[in-house]
2 protein chains.
Amino acid sequence: MGLAKTEMFTDEQNKISLFAKAFGHPARVAILQHLFKIDTCICGDLVNEIGLAQPTISQHLKELKNLGLIKGNVEGTSVCYCIDKENWASMKDIMTHFLDQDISSNNCC
Amino acid sequence: MGLAKTEMFTDEQNKISLFAKAFGHPARVAILQHLFKIDTCICGDLVNEIGLAQPTISQHLKELKNLGLIKGNVEGTSVCYCIDKENWASMKDIMTHFLDQDISSNNCC
DNA sequence: TTGTTTCATTGCAATATTACGATATAATAT
DNA sequence: ATATTATATCGTAATATTGCAATGAAACAA
């Protein structure tokens, strides 16, 4: 089907999978890493930095923006993007909680 | 296309996106959470716990196993699954490093 | 052997994702 | 006004993902 049955899962599980899905493409990972490194970044820089076409980058940026992980500010004809730190922090909390699960006992198999 | 151009990204970026993709479906998140909670788990229990059909669960388990995040042990007619803690830990290192990026300066926009 | 149980695999339909050319839009420059 | 620059959106082709019915395989039970 290609359609996840989200209604049978908890809000937390759905939230984790939505964030994870955003990181599920190397271009979006690269965009985020570049935004962290440069702190702020014009969209056009990302098109040069990463090797994908401009509409493709724009599409990836839109997904990240819809999730709230980045913000975009129009500056003349260009758009300045940066990490939304508050939302990044709360995303990090959720993901870290998921990754930090631990079990005391030994491996079963 | 539906095909990510992995060759234009770093190994780290591709690795992050592969792990993230595994967490990009709530059923796989639920499976992993259940394995952590129960420590060890028969495949059939997961089919009951989560509401998806047996072949669907089996498929999700296969993906997690291919990535090395879980292990499966045959026990008679059933199969016992559990987290591969070593691989989980190294995955966690990679993901945490990605999530923990920080910038000293203030928001740009 | 003949079922029975449990899980994996196959095949397929429905939907989602990725990528990009073409085009629209919006700000600025001349 | 017209051109230029930067980005967004649309449309579409190629591929991937999800879900499950049907079936296969493997261990066990009677």
Side-chain angles (χ1 to χ4, degrees), chain A residues 1-9 13-14 17-31 34-35 40-67 70-82 109, chain B residues 1-9 13-14 17-31 34-35 40-67 70-82 109:
Chain A
M1 305 224 151
L3 172 62
K5 295 191 158 179
T6 56
E7 74 282 1
M8 48 182 27
F9 300 102
Q13 286 161 348
N14 282 316
S17 70
L18 282 180
F19 284 131
K21 204 184 271 188
F23 305 143
H25 192 292
R28 290 189 291 268
V29 171
I31 287 171
H34 197 250
L35 286 181
T40 173
C41 193
I42 297 297
C43 170
D45 298 346
L46 289 165
V47 175
N48 295 328
E49 179 77 11
I50 302 168
L52 296 169
Q54 178 266 323
T56 308
I57 297 291
S58 197
Q59 193 172 291
H60 285 307
L61 286 168
K62 190 181 177 183
E63 285 179 61
L64 294 172
K65 202 173 155 194
N66 284 344
L67 256 183
I70 65 174
K71 292 188 283 190
N73 239 5
V74 178
E75 288 188 358
T77 66
S78 53
V79 177
C80 162
Y81 281 100
C82 67
C109 44
Chain B
M1 308 224 149
L3 172 62
K5 296 190 158 179
T6 56
E7 73 282 1
M8 49 182 28
F9 301 102
Q13 285 161 349
N14 283 315
S17 70
L18 281 181
F19 284 131
K21 205 184 268 189
F23 305 143
H25 193 292
R28 290 190 291 267
V29 171
I31 287 171
H34 197 250
L35 286 182
T40 174
C41 192
I42 298 298
C43 171
D45 297 347
L46 288 165
V47 175
N48 294 329
E49 180 77 11
I50 303 168
L52 295 169
Q54 180 267 323
T56 308
I57 296 292
S58 197
Q59 191 173 291
H60 284 308
L61 286 169
K62 191 180 177 184
E63 285 178 59
L64 293 171
K65 202 173 154 194
N66 285 343
L67 257 182
I70 65 173
K71 290 189 285 192
N73 238 6
V74 177
E75 287 189 359
T77 64
S78 53
V79 178
C80 162
Y81 281 100
C82 66
C109 43

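In what follows, chains carry the letters A, B, and so on, assigned in the order in which the sequence lines appear, proteins first and then strands, with residues in each chain numbered from 1.
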**Request:** Pick base, sugar-phosphate or nothing for A/Leu52, based on heavy-atom distances below 4.0 Å to the nucleic acid.
**Result:** sugar-phosphate
**Item:** N/O (side chain, B/Thr77) to phosphate O (OP1/OP2, C/dT6) under 4.0 Å
**Value:** no
**Prompt:** Can you check the B/Asn73 CG to D/dA26 C1' distance for me, whole Å?
**Reply:** 15 Å
**Asked** Which comes earlier along DNA chain D counting from the 5' end, the contact point of A/Ala4 or that of A/Lys62, where each point is its nearest nucleotide?
**Response** A/Lys62
**Item:** Sidechain-backbone polar pair: B/Arg28 side chain, B/Lys21 backbone, donor-acceptor under 3.5 Å
**Value:** yes
**Message:** For B/His34 versus B/Leu46, what's the shortest heavy-atom pair and its separation?
**Reply:** ND1-CD2, 3.6 Å
**Interatomic distance where CD1 belongs to A/Ile42 and C1' belongs to C/dA26 [whole Å]** = 15 Å
**Prompt:** Hey, is the side chain of A/Gln59 pairing donor to acceptor with the base of C/dC20 inside 3.5 Å?
**Reply:** yes
**Atom pair distance, as rounded to whole Å: CD1 in B/Ile50 and C1' in D/dG19** = 14 Å
**Item:** A/Leu18 CG - C/dT17 C1' separation (whole Å)
**Value:** 14 Å
**Message:** Categorize A/Ile57 for me: base, sugar-phosphate, or nothing, with a 4.0 angstrom heavy-atom threshold over every strand shown.
**Reply:** nothing
**Asked** A/His60 side chain N/O closer than 4.0 Å to the phosphate oxygens (OP1, OP2) of C/dT17?
**Response** no
**Asked** When you check the phosphate oxygens OP1 and OP2 of D/dA6, does a side-chain N or O of A/Tyr81 lie under 4.0 Å from one of them?
**Response** no
**Request:** Indicate whether OP1 or OP2 belonging to D/dA8 is found under 4.0 Å from a side-chain N or O atom of A/Ser58.
**Result:** yes
**Message:** Between P on D/dA16 and CG on B/Asn66, what's the gap in Å once rounded to a whole number?
**Reply:** 16 Å
**Request:** Please work out if A/Thr56 contacts a base, only the sugar-phosphate, or nothing of the nucleic acid, heavy-atom cut-off 4.0 Å.
**Result:** base
**Request:** Go through the N and O atoms of the side chain of B/Gln54 and the base of C/dA8, and report whether any donor-acceptor pair is under 3.5 Å.
**Result:** yes
**Asked** For the residue pair A/His25 and A/His60, does the interplanar ring angle fall in the parallel (under 30°), tilted (30 to 60°) or perpendicular (over 60°) class?
**Response** tilted
**Fill in**
The answer to which of B/Val74 and A/Leu61 contacts DNA chain D further toward the 5' end, by nearest nucleotide, is A/Leu61
**Request:** Measure across B/Ile50 and A/Phe9 and return the closest heavy-atom pair with its distance rounded to 0.1 Å.
**Result:** CG2-CE2, 3.7 Å
**Message:** In this structure, how many angstroms lie between the C1' atom of C/dA16 and the CD atom of A/Glu63, rounded?
**Reply:** 11 Å
**Request:** Output yes when at least one side-chain N/O atom of A/Lys21 is less than 4.0 Å from OP1 or OP2 of C/dT17, else no.
**Result:** yes
**Prompt:** Looking only at heavy atoms, what is the nearest atom pair of A/Ala20 and B/Gly24, with distance?
**Reply:** CB-N, 3.8 Å
**Prompt:** How long is the line joining CD of B/Glu75 and P of D/dA26, in whole Å?
**Reply:** 18 Å
